[in-house]
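Indexing begins at 1, ligand by ligand and atom by atom, following the structure's order. Keep in mind that this is a model prediction, so the values were computed, not measured.
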Amino acid sequence: MKKIIAIIGARPQFIKHAPIALAMQNDFILKTLHTGQHYDANMSKIFFDELNIKKPDYQLNIGGGTHGQQTGDMLKAIEPILFNESPDAVIVYGDTNSTLAGALAAAKLNIPVIHIEAGLRSFNRKMPEEINRLLTDQISGLLFCPNQTALAQLREEGIKAAAFVTGDIMADLLKLTSSRLPLITSEFVYATIHRPYNTDDPKRLHQILVNLNKLPWKVKFAVHPRTRKIMKEHDIKEHDFNNITFVSPLGYFENIQHLKSAKALITDSGGMQKEAYLLKTPCTTLRSETEWTETLTHGWNQLLFEPIDLLNEKVIAQLNLIAESEPIHNELLYGDGQAALQIKAHISEFLD
Ligand code: UD1
């Protein structure tokens, strides 16, 4: 059996790994290396427990620090493990610092890199994730794209390695789980904010909270550790925002249940824009661009960066439009829920 090591480290990667691990368990020796990028129990352990992911074979503890420091420390620690294990390939997911460190460590040892969620671009090189994506795609030997746009982008950039459109693996998991989760009956807007450009400037973060507080529905805000830290450092107090209920980050099932039940989602997450689309929850993305552009086409998702004071108006207008015009919705936009099986078949062929 071929041996593959999957490098994971940040919350969305645990979610992406679950369907891959399930699809590959009987045909490959699949080991995992957790970089430790996310380490709080509600950012890491809960996903392993809920999604039945086996304990990582290697657990590093490289969380926090600057981007260079974090990525460099990971690279240094991953290399000897890959060297000793000598796997047939390494899988990396998405666009985090763990993705880039894993891809770079493998590529420098001439181990084929398999990138799942390849070809996405925000075209904003100020985002660390954009740099991580561009570089990872360049050094991958096998690339899996969630849609045709992503594949076209790889070709546009001159990437000639084997690449396939398989649909999205987060959509696989969502299809398996969402119908089993009961709706929450109270009316609320769900919010998650963690990108540096929304959190690291405390004035901006404060403005976002002021605007969430003005919405005509109660807001449930799941607070990422980065956001929590900045609120604490700058004395931004929860009790100043009486329309907002602040909660810790939710596990996978509870998060999907909130997403599915909410009147609207307000977020800067990548993955949650897709999940909101598939669950038909109107989404406002607090960014000036998105990698998931197809969610914008019929108004299910909208971008808002400046001026943030338009939030109330934009959310209400979006909800009215959706209620009145029943915009086109494509439930197969991110595939038919079989992405992981397709990926497994391509990997088998590639390593044969
Ligand atoms: C990272 C990813 C981002 C992804 C997000 C998902 C990069 C460049 N960014 O951003 O693409 O959307 O994960 O959540 O890789 N922290 C804790 N406990 C934790 C995790 C983080 O306290 O369990 C703290 C860290 O110490 C750090 C801050 O939160 O101070 C940010 O963490 P980091 O992993 O650097 O980036 P994220 O903002 O989580």
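Identified under the ring-ring contact (aromatic ring centres under 6.0 Å, His included) test for residues 70-110, with sequence neighbours left out: His17-Tyr93.
With respect to atom 7 (C) of ligand 1, the closest heavy atom belonging to the protein is Gln37 NE2, 3.6 Å. Closest protein heavy atom to atom 39 (O) of ligand 1: His38 NE2, 2.7 Å. Annotation: atom 18 (N) of ligand 1 to nearest protein heavy atom, Asp40 OD2, 3.0 Å. In this structure, atom 8 (C) of ligand 1 lies nearest to the protein heavy atom Asn97 OD1, 3.4 Å. For atom 17 (C) of ligand 1, the closest heavy atom belonging to the protein is Tyr39 OH, 3.1 Å. Shortest contact from atom 4 (C) of ligand 1 to any protein heavy atom: His194 NE2, 3.8 Å.
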Let me check something: any side-chain donor-acceptor pairs from residues 343-352 under 3.5 Å, sequence neighbours excluded? List them with distances.
{"residue": "Lys344", "atom": "NZ", "partner": "Asp27", "partner atom": "OD2", "Å": "2.7"}
{"residue": "Ser348", "atom": "OG", "partner": "Lys344", "partner atom": "O", "Å": "3.1"}

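Here Thr99 has no heavy atoms under 4.0 Å from ligand 1, in either its backbone or its side chain. With a heavy-atom cut-off of 4.0 Å, Ser269 does not touch ligand 1 at all. Of all the heavy atoms of Arg226, the ones lying under 4.0 Å from any atom of ligand 1 are found in both the backbone and the side chain. With a 4.0 Å cut-off on non-hydrogen atoms, Glu129 touches ligand 1 through its side chain and not its backbone.
With a 4.5 Å cut-off on side-chain heavy atoms, Asn243 and Leu212 do not count as touching. Within the 4.5 Å cutoff, the side chain of Asp168 has heavy atoms near those of the Trp292 side chain. Considering only heavy atoms from C-beta on, Arg287 comes within 4.5 Å of Ser122 through its side chain.
The pair Lys108-Glu79 does not meet the salt-bridge criterion, since no charged nitrogen lies less than 4.0 angstrom from a carboxylate oxygen. For Arg121 and Asp137, the salt-bridge test passes: some basic side-chain N is under 4.0 Å from an acidic carboxylate O. Salt bridge status for Glu313 with Lys214: absent, with no side-chain N to carboxylate O gap under 4.0 Å.
Taking the six-membered ring where tryptophan is involved, the planes of His206 and Phe241 are perpendicular, since the angle between them exceeds 60° and thus also 30°.
Of the N or O atoms in Lys229, one or more lie within a sub-3.5 Å distance of an N or O in ligand 1.
Residue contacts with ligand 1 leave out Gly63, since none of its heavy atoms falls under 4.0 Å from the ligand. Look at Arg195 and you'll find a heavy atom under 4.0 Å from some atom of ligand 1.
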